[in-house]
2 protein chains.
Amino acid sequence: MTRPRPARLVRSERATRDGIPEATVSRLPFYLQALTALAERGVATVSSEELATAAGVGSAKLRKDLSHLGSYGTRGVGYEVQYLIYQISRELGLTQDWKVVIVGIGNLGHALANYGGFTSRGFTVAALVDADARVVGETVAGLTVTGLDSLDQTVSSLGIQIGVVATPGPAAQEICDRLVAAGVTGVLNFAPCVLTVPDGVMVRRVDLATELQILAFHEQRRAAGRLAGEMPAEPQDLSEALGAIGEPRTTLTKSRAEAAG
Amino acid sequence: MTRPRPARLVRSERATRDGIPEATVSRLPFYLQALTALAERGVATVSSEELATAAGVGSAKLRKDLSHLGSYGTRGVGYEVQYLIYQISRELGLTQDWKVVIVGIGNLGHALANYGGFTSRGFTVAALVDADARVVGETVAGLTVTGLDSLDQTVSSLGIQIGVVATPGPAAQEICDRLVAAGVTGVLNFAPCVLTVPDGVMVRRVDLATELQILAFHEQRRAAGRLAGEMPAEPQDLSEALGAIGEPRTTLTKSRAEAAG
DNA sequence: AAGCGCTTGTGAACGTATGCACAAAGTTGC
DNA sequence: GCAACTTTGTGCATACGTTCACAAGCGCTT
Ligand SMILES: NC(=O)c1ccc[n+]([C@@H]2O[C@H](COP(=O)([O-])OP(=O)(O)OC[C@H]3O[C@@H](n4cnc5c(N)ncnc54)[C@H](O)[C@@H]3O)[C@@H](O)[C@H]2O)c1
Ligand SMILES: NC(=O)c1ccc[n+]([C@@H]2O[C@H](COP(=O)([O-])OP(=O)(O)OC[C@H]3O[C@@H](n4cnc5c(N)ncnc54)[C@H](O)[C@@H]3O)[C@@H](O)[C@H]2O)c1
């Protein structure tokens, strides 16, 4: 009954219902945030052009992204802010509150626990866990940090679905395994390592050093371009290169210098 | 009619020298980190298969990525760990140390400043800046936090190239403008907002809420699939929906319920 | 030096994502 | 009620990214 659907045009493109492209999913949070900001300013409707600007994307991309959710929006007018907020929230699964456990209450864990941005966007930090006896018992953001022993118990009894790993790298995999065993199916990993999980569990990794390195790549490229306008692709030296980073060249069966000369 | 068409794909692929695909660049840090871990364990050579596993990607993808840097690696053997570390480091611009300023020494800023992972991977935190008089003067990770006034001075005199924005959202754009004016050409933004910068400056955004929301999307999809095996795409209700998230429906020129009925 | 087994590097096929451009569908004004 | 105007939704072309599969190349053994 409640069907705003135009009836014809049943499955013209990708199945609108199930198959939302991953690239689109990764942008929906940005749209949602831009829309929330607009809503707070009392804006009732917004065009794709305006919303796209606010979210930092092109308007065509925005429209195509939104078209995957359905035909919300009115031609000649734009999108109703509140309605679109609801639709995106629903698509992202934010109509329910997700419970999160943070493991590793060090520098980063403290910051995360104190961060208000989680709570206000559909997530509840339900538990804090750390291995260090000096940290256990401490109260952070209204929660008492519990010990590692309680992890499995806590996760399963509270029905926690998402785990945030903020421990040092070496401990991350073990923590992750225990989280998964206790019922977590989504993991946000801050440790600089790869986490292996069974099928059906998703890991997303956030690595600050990675981000900086990507920035550095572009910095360098820019600097190179600025210095030497149009260089004909120098074949990079390498003699002192290994010395600069690697160590004194242990088992180089075939030294690269050989190949170069 | 729009274009005469390039006739043939003449250049077999992208120019190997300059044009490294963005997707590849974003994975190089992972390879680098995996290689570093191997090096610390004393491994001298590694095959694409092993390295791919360690980095959490497929081996074909890894080989194609590396092939963009050049033909390092020996058929029948694999890649020399140290040599590859150097090549990737060089490509990422990590043979020089990049200077970083962190602006906004709150919860997150403190954690970032204390984080050892920056320093060990080619970056030097050269300055800490905050607007709050209670924070200014404090010593964090061996650096004294300075006031906002000193920002421009500090950035330009120290030759800082990268800025990390860890202030609340509303202040982020202004800080960013000042950083760019002072000479920063790369910005890592933790504030949940879009930063506008002139051409030639790159911004990367890290948003934890976004990451969690993407996790939530997949959680939800999984849950939906588990509950209802093969649902024929229910057309979502919406009557109480607006009430659940939006407010009492202010200026809905055309309520969706109307269109439905 | 010739053969064998192993692994790289890459062409080719496929799939996904982006951006353009415009018809369709709505609103506004008369 | 109709025409002019605005903005969405999407077909289409192109660009980008991933995966497969295998010939070329290398080291080791004989
Ligand atoms: N601080 C940052 O800004 C930052 C940035 C990027 C990544 N990281 C990564 O995040 C992780 C945490 O960083 P940090 O700066 O908070 O480190 P930290 O040393 O300050 O905190 C780590 C915490 O984890 C706890 N811990 C150790 N082993 C544990 C285990 N087995 N189970 C539970 N808890 C355990 C420790 O007791 C400590 O409280 C590290 O992997 C780091 O590389 C940190
Ligand atoms: N804490 C987290 O885990 C976390 C996670 C994701 C994103 N963020 C984002 O990072 C930012 C900082 O988060 P936080 O938790 O550290 O907040 P916070 O309030 O603890 O710290 C903000 C700091 O910025 C300073 N500041 C405010 N205005 C400033 C200005 N104009 N110039 C310089 N400094 C200024 C404040 O004095 C304060 O020290 C926020 O935008 C937040 O949304 C934080």
Side-chain angles (χ1 to χ4, degrees), chain A residues 4-16 19-28 31 44-53 56-80 83-84 87 251-254 256 258-259, chain B residues 1-16 19-28 44-53 56-80 83-84 87 251-254 256 258-259:
Chain A
R5 188 73 54 77
R8 68 190 202 285
L9 212 232
V10 182
R11 30 90 211 257
S12 62
E13 223 182 54
R14 301 279 307 131
T16 309
I20 294 179
E22 195 57 33
T24 295
V25 172
S26 71
R27 281 187 296 263
L28 289 180
Y31 304 152
T45 60
V46 67
S47 73
S48 65
E49 201 70 50
E50 296 166 316
L51 181 54
T53 303
V57 301
S59 65
K61 197 188 282 188
L62 172 83
R63 286 201 301 278
K64 194 162 289 252
D65 281 342
L66 293 185
S67 78
H68 286 115
L69 312 192
S71 253
Y72 316 128
T74 308
R75 292 168 195 237
V77 177
Y79 300 89
E80 234 172 73
Y83 184 65
L84 197 50
Q87 287 298 345
T251 46
L252 302 203
T253 50
K254 177 204 67 177
R256 291 289 159 170
E258 195 178 316
Chain B
M1 57 162 59
T2 46
R3 222 85 256 288
R5 158 158 328 130
R8 260 294 149 203
L9 196 22
V10 183
R11 65 249 203 249
S12 64
E13 261 223 349
R14 301 287 307 137
T16 309
I20 296 179
E22 195 57 34
T24 295
V25 172
S26 71
R27 281 186 296 263
L28 290 180
T45 61
V46 68
S47 73
S48 66
E49 201 70 51
E50 296 166 316
L51 181 52
T53 303
V57 301
S59 65
K61 196 188 278 190
L62 172 85
R63 286 200 303 276
K64 185 148 291 218
D65 281 343
L66 293 184
S67 77
H68 287 115
L69 313 192
S71 251
Y72 317 128
T74 307
R75 289 165 198 242
V77 177
Y79 301 89
E80 234 171 73
Y83 184 64
L84 198 49
Q87 287 298 344
T251 45
L252 302 202
T253 51
K254 179 205 65 176
R256 292 288 161 171
E258 195 179 317

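To find a chain, count down the sequence lines: A is the first, B the second, and so on, and within it residues start at 1. Note: hydrogens, waters and symmetry copies are ignored here, and every other heavy atom, side chains too, is used.
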Subject >> Which residue lies more 5' along DNA chain C, comparing A/P21 with B/V77 via nearest heavy atoms >> reply: B/V77
Original post:
How do B/A60 and A/S47 order along DNA chain D: which one's closest nucleotide is nearer the 5' end?
Top reply: A/S47
**OP:** Grab the CG-P distance between B/L66 and C/dT7 for me, whole Å please.
**Re:** 16 Å
Subject >> Side chain of A/S48 (C-beta onward), nearest among C/dG11, D/dT8, C/dT18 >> reply: D/dT8
Between protein and nucleic acid, restricted to nucleotides 22-25 of chain D and to nitrogen or oxygen atoms under 3.5 Å apart, what atom pairs and distances do you find?
| unit_1 | atom_1 | unit_2 | atom_2 | d |
| --- | --- | --- | --- | --- |
| D/dA24 | N3 | B/R75 | NH1 | 2.7 |

**OP:** Would you indicate, yes or no, if C/dT10 has its OP1 or OP2 atom less than 4.0 angstrom from a side-chain nitrogen or oxygen of B/K64?
**Re:** no
**OP:** Kindly say if A/T74 contacts the phosphate of C/dG26, meaning a side-chain N or O under 4.0 Å from OP1 or OP2.
**Re:** no
Original post:
What's the NZ-C1' distance between B/K61 and C/dT8, to the nearest Å?
Top reply: 19 Å
**OP:** Tell me which nucleotide among C/dT27, D/dT8, C/dG9 gets nearest to the side chain of B/S71.
**Re:** C/dG9
Original post:
Where the side chain of A/A23 is concerned, which of D/dT8, D/dG27, C/dT18 is the nearest nucleotide?
Top reply: C/dT18
Subject >> Separation of C/dC6 C1' from B/E49 CD (nearest whole Å) >> reply: 12 Å
Subject >> Atom pair CZ/CD of B/R27 and B/E22 - distance to nearest 0.5 Å >> reply: 10.5 Å
Subject >> Where A/S48 and A/S59 come nearest, the two heavy atoms and their spacing >> reply: O-CB, 3.9 Å
**OP:** Not counting sequence neighbours, which residues clear side-chain contact (heavy atoms from CB on, under 4.5 Å) with A/S47? List them please.
**Re:** A/E49, A/E50
**OP:** Compare every heavy atom of B/I20 with every heavy atom of B/H68, then report the nearest pair and how far apart it is.
**Re:** O-CG1, 4.2 Å
**OP:** Write down the distance between CD (B/E50) and C1' (C/dT8), rounded to a whole number of angstrom.
**Re:** 14 Å
Original post:
Taking C-beta and beyond as the side chain, do B/Y72 and B/L66 meet within less than 4.5 Å on heavy atoms?
Top reply: no
Original post:
Looking only at side-chain N and O atoms, does B/Y72 come under 4.0 Å of OP1 or OP2 in C/dT7?
Top reply: no
**OP:** Provide, to the nearest angstrom, the distance between the CG atom belonging to A/D65 and the P atom belonging to C/dT18.
**Re:** 7 Å
**OP:** Would you mind reporting whether A/L28 and A/L69 have side-chain heavy atoms less than 4.5 Å apart?
**Re:** yes
Original post:
Side-chain contact, heavy-atom cut-off 4.5 Å: B/D65 with B/V57?
Top reply: no
Subject >> Whole-Å distance separating the CG atom of B/L69 from the C1' atom of C/dT10 >> reply: 15 Å
**OP:** Find the distance B/R27:CZ to D/dG17:P and express it as a whole number of Å.
**Re:** 8 Å
Original post:
Given atom CD1 of A/I20 and atom P of C/dT16, what is their separation to the nearest angstrom?
Top reply: 15 Å
